[in-house]
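What's counted below: heavy atoms across the whole structure, side chains too, no hydrogens, waters or symmetry copies.
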Amino acid sequence: MKDVLFVYGTLMRNGRANTILRMMRSEFLGEARLDGYSMYDLGPFPGIAPDPDGSVRGEAWRVSERCLKLVDGYEGVDNRLYERRLEEAETDTFGKVKAWVYAYCRPTEGLKKVPAGQAW
């Protein structure tokens, strides 16, 4: 069974961690948008957190469960840095899809917000 993963930072095609998706033979589905979240600059990488007025640009990928487990490790799910959530993303190619997304678990107060619609 394949799942859809919405990525918005270092896992994107031009990101340094995209090798995880490529080595697991994940399929790039296209550009995508996730409403209801805002992106924050965490220094070397971004994080997103719920924001009813926010919108985040990213990419949609079709991935295996095994790939998701590797990304869980990369994103620090066990350390509660991020958590994986199932949300609805809007893709440029397929319309609305249910997609896994990694949301930042720590407070965002004092962090610089990345402007809506801007990719990392």
Side-chain angles (χ1 to χ4, degrees):
M1 178 83 175
K2 297 278 185 164
D3 290 291
V4 175
L5 174 63
F6 175 86
V7 298
Y8 55 87
T10 61
L11 288 164
M12 292 175 70
R13 286 177 296 164
N14 63 349
R16 68 179 179 272
N18 183 257
T19 54
I20 296 170
L21 300 180
R22 287 186 283 127
M23 95 177 166
M24 296 302 297
R25 296 192 171 105
S26 301
E27 176 188 357
F28 175 70
L29 299 176
E31 303 293 323
R33 185 184 78 243
L34 180 67
D35 293 329
Y37 283 82
S38 284
M39 185 185 316
Y40 295 88
D41 183 343
L42 305 177
F45 51 86
I48 63 170
D51 176 357
D53 299 321
S55 182
V56 177
R57 291 291 304 168
E59 299 173 348
W61 289 77
R62 189 175 320 280
V63 299
S64 66
E65 183 64 32
R66 186 168 168 235
C67 181
L68 284 174
K69 295 292 184 196
L70 284 174
V71 177
D72 282 351
Y74 172 75
E75 295 288 5
V77 169
D78 289 344
N79 297 328
R80 300 285 302 147
L81 183 59
Y82 290 87
E83 69 177 358
R84 182 168 26 126
R85 298 177 176 180
L86 191 59
E87 299 287 357
E88 187 171 79
E90 178 86 24
T91 67
D92 291 348
T93 310
F94 300 102
K96 292 183 179 182
V97 297
K98 287 290 187 182
W100 290 108
V101 60
Y102 289 88
Y104 187 59
C105 293
R106 306 220 172 128
T108 57
E109 185 177 318
L111 295 175
K112 179 182 172 194
K113 192 182 277 192
V114 177
Q118 181 178 323
W120 178 251

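Listed by chain and number, the residues in a side-chain contact (heavy atoms from CB on, under 4.5 Å) with Glu87 are Leu34, Tyr37, Arg85, Val101 (sequence neighbours excluded). Judged as a side-chain contact (heavy atoms from CB on, under 4.5 Å), and not counting sequence neighbours, the contacts of Glu27 are Leu29, Arg62. Every residue was checked against the salt bridge (Lys or Arg N to Asp or Glu O under 4.0 Å) condition with Arg66, not counting sequence neighbours, and none meets it. Considering only residues two or more places apart in sequence or on other chains, Glu75 meets the salt bridge (Lys or Arg N to Asp or Glu O under 4.0 Å) condition with none of them. Under the rule for a salt bridge (Lys or Arg N to Asp or Glu O under 4.0 Å), the partners of Lys113 that lie at least two apart in sequence or sit in another chain are Asp51. Here Tyr74 pairs with nothing under the ring-ring contact (aromatic ring centres under 6.0 Å, His included) rule; sequence neighbours left out. Arg25 pairs by the side-chain contact (heavy atoms from CB on, under 4.5 Å) definition with nothing, not counting sequence neighbours. Among residues two or more places apart in sequence or in another chain, the salt bridge (Lys or Arg N to Asp or Glu O under 4.0 Å) test is passed with Lys112 by none.
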Scan the side chains in residues 102-111 for donor-acceptor partners under 3.5 Å anywhere in the protein, sequence neighbours excluded, and list what turns up.
residue: Tyr102; atom: OH; partner: Leu68; partner atom: O; Å: 3.3
residue: Tyr102; atom: OH; partner: Asp72; partner atom: N; Å: 3.4
residue: Tyr102; atom: OH; partner: Asp72; partner atom: OD1; Å: 2.6
residue: Arg106; atom: NH2; partner: Asn79; partner atom: O; Å: 3.2

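Across all their heavy atoms, Tyr8 and Gly47 have their closest contact at OH-CA, 3.9 Å. In terms of heavy atoms, Val63 sits closest to Ser26 at CG1-OG, 3.4 Å. Residues Glu59 and Met12 approach most closely at OE1-CA, 3.3 Å, considering heavy atoms. In terms of heavy atoms, Thr10 sits closest to Phe45 at CG2-CB, 4.1 Å. In terms of heavy atoms, Phe6 sits closest to Ala89 at CD1-CB, 4.2 Å. Residues Leu70 and Met24 approach most closely at CD1-SD, 3.4 Å, considering heavy atoms.
Proximity of Glu65 to Asp3: side-chain heavy atoms (C-beta onward) are separated by under 4.5 Å at one or more points. Side-chain contact between Val114 and Pro46 is absent, with no heavy-atom pair separated by less than 4.5 Å.
Rounding to the nearest 0.5 Å places OG1 of Thr93 at 8.5 Å from CD of Glu31. Between the CZ atom in Arg57 and the CE atom in Met39 there is a gap of 10.5 Å [rounded to 0.5 Å]. Atom NZ of residue Lys2 and atom OG of residue Ser64 lie 5.0 Å apart, to the nearest 0.5 angstrom. The line from CG of Leu21 to SG of Cys67 is 5.0 Å long, rounded to the nearest 0.5 Å.
A continuous path of Ile, Leu, Val, Met, Phe, Trp and Tyr side chains, each step under 4.5 Å between heavy atoms, connects Val56 with Trp100, placing both in one hydrophobic cluster. Taken together through direct or relayed side-chain contacts under 4.5 Å among Ile, Leu, Val, Met, Phe, Trp and Tyr, Met23 and Val71 form part of one hydrophobic cluster.
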Determine, stepwise, if the pair Lys96 / Asp35 fulfils salt bridge (charged side-chain N to carboxylate O under 4.0 Å, His left out). CA-CA 11 Å; Lys96 292 183 179 182; Asp35 293 329; over 6 Å; no
Could you walk me through whether Leu11 and Asn18 pass the side chain to side chain contact (heavy atoms under 4.5 Å, CB included) test, one step at a time? CA-CA 4 Å; Leu11 288 164; Asn18 183 257; 5.6 Å; no
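Between Trp61 and Phe28, the ring planes are perpendicular. Angles over 60° get that label, and only those under 30° would be called parallel.
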